[in-house]
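What follows is one structure encoded as C-alpha cells, with my remarks underneath.
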Amino acid sequence: MKKRVLTTRENLPGTGPDRLAGAAEVVAWSGTGRPGPDELAALARGVSAVLALGNDPVDAALMDAAGPALRVVSLASMGFDNVDRDAAAERGIVVTHTPGVLAETTADLAFALILAARRRIGAAGAGLAAGSWDLFRMRDFLGLDVHGATLGLIGYGQIGRAVARRAQGFGMRVLHHDPYAAEDGLSTPVSLAVLLAESDVVSLHVPLTPETRHLISARELAAMKPTATLVSTARGGVVDERALLDAVRAGRLHSAGLDVFAREPMGRELSPLVAEPYVVTLPHIGSATEATRAAMVDLAVDNILDVLADRPARTPLPGGPALPGAPAAPTGAGA
C-alpha cells in the first residue's frame, strides 16, 4: 500500500509533484490563503511525509496528528523557522530544506534591491506613473552611488557569497560578518561593529533563529551611517521593523530594500514600511523564477522519496539527521 504524503499547496511547479504522486498517495491543502495549523493537522493524519512551503507552520500538533508514521518534513525553502525543530528531533523526524538551488536567484534579487533602494528607483517610477514628470529638475529623486561603495554582508553562506561576486562588477569593497564562514578572497571578515560602521550597504543573509531575531534593532541601526542602506532577503524577524521605520523617517538611515517581513503574507493589512518613499518592498520573491521554484520543489520531493526509501536525505538541515534515528549530519560552515 502506498504511503501518504501531505503537501501544503496544490499545483506545485517542477516534475517533482508527478514523481511524488507516482510513489505515494498525495493529500494537499486546497483552500485559499495560508493554511493554519489546525487545517494542516487535520490533513496530516497517518502521513509519512510533509512537503511544506517556507511559511507554512509545521508544529508539534501537526507531527502528533500524523503519528508515528511521519518520517520526514521536507521544506521547499532554504529557511526553516516555520518548523518546530525540537519537536521533530524528539520524534525522530528528519527535516530537510533546499539550499543551493536558490542561492544565485536570491542573490540577483538582493542586488536588485540594493540598486533600487540606493537609486530610488521605486519612488522615481511612482512619480512618473503619477504624472509628476513635468520638468527636468536637478534635485529630483537623487540617490546614492552603488559603484565603489562598501558592501557589508551579515551571513556569508551560499547567498552571501553570490552577492559578493556580483559586487565585484560594481567595484565595491566587500566585508562580511559570519563566524562560521571560510575566507574565499571575495570579502574581508570583520566584526559586526566594524561592518555596521563602515558599510554603505548592509545586506542580511542569515536564517531566523532565537539568536538572530531582531539582530538588526535600534542599536545596530544607530551604528550605521545615516547614508547607509539596509537590504534583507533573509527572514522578516531578523529586523526590528518598528526601529527600521523610525530610523528611515528620522533620516538616521538613507534607505532600505525588503523582500521579507515579520508578518507574511500581508493581505490588505500592509506594513507601514510599504508606503515609505525611501523603502523598496517586495512580497518575498527572492527565489521567484520559473526554474528556481521548480528546482526547489524537485529537491524537496527528492528528499521525501529518499527518506521513504530508507536512503539518506540529500539536504537535511545542518545539525540534523539524514535518516530517522541516524546520527546528526555535520554542520556546514556558513551554510
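Index from 1, following the sequence.
Remark: side-chain polar atoms of D59 are not paired, donor with acceptor, to backbone N or O of D84 under 3.5 angstrom. For T315 (side chain) and H97 (main-chain N/O), a donor-acceptor pair under 3.5 Å exists by modelled atom type. A donor-acceptor contact shorter than 3.5 Å is absent between the side chain of T229 and the backbone of A256. Without hydrogens or angle criteria, R161 side chain to Y156 main chain gives a donor-acceptor distance under 3.5 Å. Between the side chain of D145 and the backbone N or O of H147 there is no donor-acceptor pair closer than 3.5 Å. The main-chain N or O of H176 is found under 3.5 Å from a side-chain atom of S187 such that the two form a donor-acceptor pair.
Shortest non-hydrogen contact noted between P35 and R9 is CD-NH1, 3.0 Å. Taking each heavy atom of G46 and A69 in turn, the nearest pair found is O-CB, 3.9 Å. Minimum heavy-atom separation, R314 to D306: NE-OD2, 2.7 Å. The shortest heavy-atom contact between A88 and V95 is CB-CG2, 3.6 Å. The two atoms that bring G320 and P316 nearest to each other are O-CB, 4.3 Å, heavy atoms only. Considering every non-hydrogen atom in both P207 and T212, the closest pair reads O-OG1, 2.6 Å.
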- Task: In sequence, state the C-alpha distance, the side-chain angles, and the governing distance for L70 and V47, and then conclude on side chain to side chain contact (heavy atoms under 4.5 Å, CB included).
- Result: CA-CA 6 Å; L70 183 58; V47 302; 4.3 Å; yes
- Task: Would you check, one step at a time, whether the test side chain to side chain contact (heavy atoms under 4.5 Å, CB included) holds for L186 with V174?
- Result: CA-CA 7 Å; L186 289 172; V174 184; over 6 Å; no
- Query: Could you walk me through whether R120 and D140 pass the salt bridge (charged side-chain N to carboxylate O under 4.0 Å, His left out) check?
  - Reply: CA-CA 10 Å; R120 305 202 61 208; D140 277 359; over 6 Å; no
- Begin with the C-alpha distance, continue with both residues' side-chain angles, and end with the deciding distance and a verdict on side chain to side chain contact (heavy atoms under 4.5 Å, CB included) for I216 and I154. CA-CA 10 Å; I216 302 299; I154 300 180; 3.9 Å; yes
- Query: side chain to side chain contact (heavy atoms under 4.5 Å, CB included) between M266 and V274: does it pass, once the steps are laid out?
  - Reply: CA-CA 11 Å; M266 289 184 196; V274 174; 4.2 Å; yes
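The pair E264-R235 does not meet the salt-bridge criterion, since no charged nitrogen lies less than 4.0 angstrom from a carboxylate oxygen. A salt bridge is defined here as a Lys NZ or Arg NE, NH1 or NH2 lying under 4.0 Å from an Asp or Glu carboxylate O, and R91 with D64 meets this definition.
Transitive grouping of hydrophobic side chains (ILVMFWY, heavy atoms separated by less than 4.5 Å) brings L317 and V83 into a common cluster. Under the 4.5 Å side-chain heavy-atom criterion for Ile, Leu, Val, Met, Phe, Trp and Tyr, L221 and V201 are members of distinct hydrophobic clusters. Hydrophobic clustering (ILVMFWY, side-chain heavy atoms < 4.5 Å, transitive): L273 and L282 are in distinct clusters. A single hydrophobic cluster is not seen to contain both V206 and M78; linkage of ILVMFWY side chains at heavy-atom distances under 4.5 Å, directly or through other members, places them apart. At a threshold of 4.5 Å between side-chain heavy atoms, the hydrophobic network of Ile, Leu, Val, Met, Phe, Trp and Tyr places V248 and L245 in one connected group.
Residues P265 and N55 meet the side-chain proximity criterion, which asks for heavy atoms closer than 4.5 Å. Between R263 and E269, the closest side-chain pair of non-hydrogen atoms falls below 4.5 Å. Considering only heavy atoms from C-beta on, D298 stays 4.5 Å or farther from V101 through its side chain. Within the 4.5 Å cutoff, the side chain of S203 has heavy atoms near those of the L151 side chain. Using a 4.5 Å heavy-atom cutoff, the side chains of M172 and L175 are not in contact. A heavy-atom distance below 4.5 Å is not found between the side chains of V58 and L40.
The distance from the CG atom of L215 to the NE2 atom of H177 is 7.5 Å, given to the nearest 0.5 Å. Rounding to the nearest 0.5 angstrom, the gap separating the CG atom in L75 from the CG atom in N303 is 9.5 Å. Within the model, atoms CZ of R166 and CG of L115 stand 12.0 Å from one another, a figure rounded to the nearest 0.5 Å. Distance check, rounded to the nearest 0.5 Å: CD1 of I159 to CG of L102 gives 5.5 Å. Atom CD of E241 and atom OG of S217 lie 13.5 Å apart (nearest 0.5 Å). Of the inter-residue distances, the one linking S74 atom OG with L6 atom CG reads 12.0 Å to the nearest 0.5 angstrom.
Around the CZ atom of R119, the shell of radius 6.0 Å holds no more than 12 heavy atoms that belong to other residues, nucleotides or ligands. Counting heavy-atom neighbours within 6.0 Å of R219 CZ, excluding the residue itself, gives a total of 12 or less.
Each salt bridge (charged side-chain N to carboxylate O under 4.0 Å, His left out) pair with one or both residues in residues 19-33, not counting sequence neighbours, appears once here: R4-E25, R19-D302.
For the residue pair T227 and D200, no side-chain donor N or O sits within less than 3.5 Å of a side-chain acceptor on the partner. The closest side-chain donor-acceptor pair between S287 and T105, if any, does not fall under 3.5 angstrom.
V72 belongs to a hydrophobic cluster with V5, L12, L20, V26, L51, L53, V94, V297, V301, I304, L305, V307, L308, counting contacts under 4.5 Å between side-chain heavy atoms of Ile, Leu, Val, Met, Phe, Trp and Tyr, direct or through other members.
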